[in-house]
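Below, each value reflects all heavy atoms present in this structure, side chains not excepted, and no hydrogens, waters or symmetry copies.
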Amino acid sequence: MKRKSKLTIAIATAALAALFATVVYAQNKDKYSLTSPSGIAFSDFRGYEDWSVVSSAKTDERLKVIVANPTMIKAYKAGIPGNGQSFPDGSMIVKLQWKPKKSTEAPFVVDVPDVFVEAFVIEKDSKRFPKSAGWGYAVFNHDAASDKFTPDPKSLSDCGHACHTAVKAKDYIFHPYQKR
């Protein structure tokens with residue numbers, strides 16, 4: 001009887017693990033199946049959660065952490081854009097954005113991330129985006145209640161290339177790679 005119980009527990013545990021893996025896979029699959037109105041696929045940015053931090057920023061409404069893929073980090077470390085060169089095709093950056101809140105735990109006043117609201121993505125592909133100096137832009141909104149992403153229907157008119165022309169001399173990228 002003991003042996004049968006252990007086998008039943010092992011089978012039940014394996015079934016639960018398989019169910020959990022299926023749910024996690026389905027959530028990631030849903031996110032990575034999205035495409036913005038501008039044609040940028042969220043799947044192009046697969047793995048962004050583990051990319052290196054470039055910089056951070058704060059507006060009145062958002063706390064932002066800016067991360068970049070290895071291609072772009074390598075270019076930053078080579079001196080781009082400060083050396084007058086442009087980022088290579090394949091460079092990608094993601095601005096992860098949260099609504100801020102005041103920390104109730106810190107012994108000083110500090111804003112900390114509260115609700116995650118969107119991922120603003122930028123990728124360099126001169127062939128796909130020739131009208132915007134090689135850069136493509138998209139916003140994927142995050143709904144905290146459902147923990148789901150959706151492409152922003154206005155992302156074509158969102159602060160993409162139009163805003164980034166202010167930093168044309170820096171190959172259209174606002175944030176430098178911060179010293180550490």
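- Atom-to-atom distance recorded for Phe116:CZ and Asp143:CG is 12.0 Å, nearest 0.5 angstrom.
- Partners of Ser56 under the side chain to side chain contact (heavy atoms under 4.5 Å, CB included) rule, at least two apart in sequence or in another chain, do not exist in this structure.
- Contact annotation: the side chain of Val117 never approaches that of His142 to less than 4.5 Å [non-hydrogen atoms, C-beta and beyond].
- Between Val67 and Val54 the shortest side-chain heavy-atom distance does not fall below 4.5 Å.
- With sequence neighbours left out, the side-chain hydrogen bond (donor to acceptor under 3.5 Å, both in side chains) criterion links His175 to no other residue.
- Under the ring-ring contact (aromatic ring centres under 6.0 Å, His included) criterion, the residue pairs touching residues 46-70 are Phe42-Tyr48, with sequence neighbours excluded.
- Val112 and Leu96 fall into different hydrophobic clusters, where Ile, Leu, Val, Met, Phe, Trp and Tyr side chains are chained together by heavy-atom contacts under 4.5 Å.
- With a 4.5 Å cut-off between side-chain heavy atoms of Ile, Leu, Val, Met, Phe, Trp and Tyr, the cluster of Val109 takes in none.
- Put simply, Tyr32 and Ile40 are part of the same group of oily side chains (I, L, V, M, F, W, Y) that touch within less than 4.5 Å, one to the next.
- Scored by the side chain to side chain contact (heavy atoms under 4.5 Å, CB included) test, Pro176 finds Gln178 as partners (sequence neighbours excluded).
- The hydrophobic clustering, which links ILVMFWY residues whose side-chain heavy atoms are closer than 4.5 Å, places Leu63 and Val65 apart.
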Show every donor-acceptor pair shorter than 3.5 Å between a side-chain atom in residues 100-108 and any protein atom, with sequence neighbours excluded, or say none if there are none.
from, atom 1, to, atom 2, distance (Å)
Lys102, NZ, Asp111, OD1, 2.9
Ser103, OG, Glu105, N, 3.1
Ser103, OG, Ala106, N, 3.0

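- Counting heavy atoms from C-beta on, the side chains of Ile93 and Ile66 come closer than 4.5 Å.
- Checked against the 6.0 Å centroid threshold, His161 and Phe129 do not count as a close aromatic pair.
- The side chain to side chain contact (heavy atoms under 4.5 Å, CB included) search around Ala144 returns Val115, not counting sequence neighbours.
- In this structure a side-chain-to-backbone donor-acceptor pair under 3.5 Å is missing from Thr165 to Lys168.
- Counting only residues at least two apart or in different chains, salt bridge (charged side-chain N to carboxylate O under 4.0 Å, His left out) contacts with residues 124-141 comprise Asp44-Arg128, Glu123-Arg128, Lys124-Asp171.
- Asp89 pairs by the side-chain hydrogen bond (donor to acceptor under 3.5 Å, both in side chains) definition with Ser126, not counting sequence neighbours.
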**Request:** Go through Phe140 and Thr150 one step at a time and tell me if the side-chain contact (heavy atoms from CB on, under 4.5 Å) criterion holds.
**Result:** CA-CA 5 Å; Phe140 293 94; Thr150 55; over 6 Å; no
**side-chain contact (heavy atoms from CB on, under 4.5 Å) evaluation trace for Phe174 with His164** = CA-CA 7 Å; Phe174 280 101; His164 285 247; 3.6 Å; yes
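- Salt-bridge check for Lys154 with Glu118: failed, with every basic side-chain N at 4.0 Å or more from each acidic carboxylate O.
- For Thr35 against Pro151, the heavy-atom pair with the smallest separation is O-CG, 3.3 Å.
- Evaluation of the side-chain hydrogen bond (donor to acceptor under 3.5 Å, both in side chains) test over residues 59-77, restricted to residues two or more places apart or in two chains, returns none.
- Here the straight-line distance linking atom CG of Asn141 with atom CZ of Phe149 works out to 9.5 Å at 0.5 Å rounding.
- Under the side chain to side chain contact (heavy atoms under 4.5 Å, CB included) criterion, Ala75 pairs with Ile80, Phe87, Pro88, sequence neighbours left out.
- For Ser86, the side-chain hydrogen bond (donor to acceptor under 3.5 Å, both in side chains) test picks out no residue, with sequence neighbours left out.
- Looking at heavy atoms from C-beta onward, Tyr137 lies out of side-chain contact with Val121 at the 4.5 angstrom threshold.
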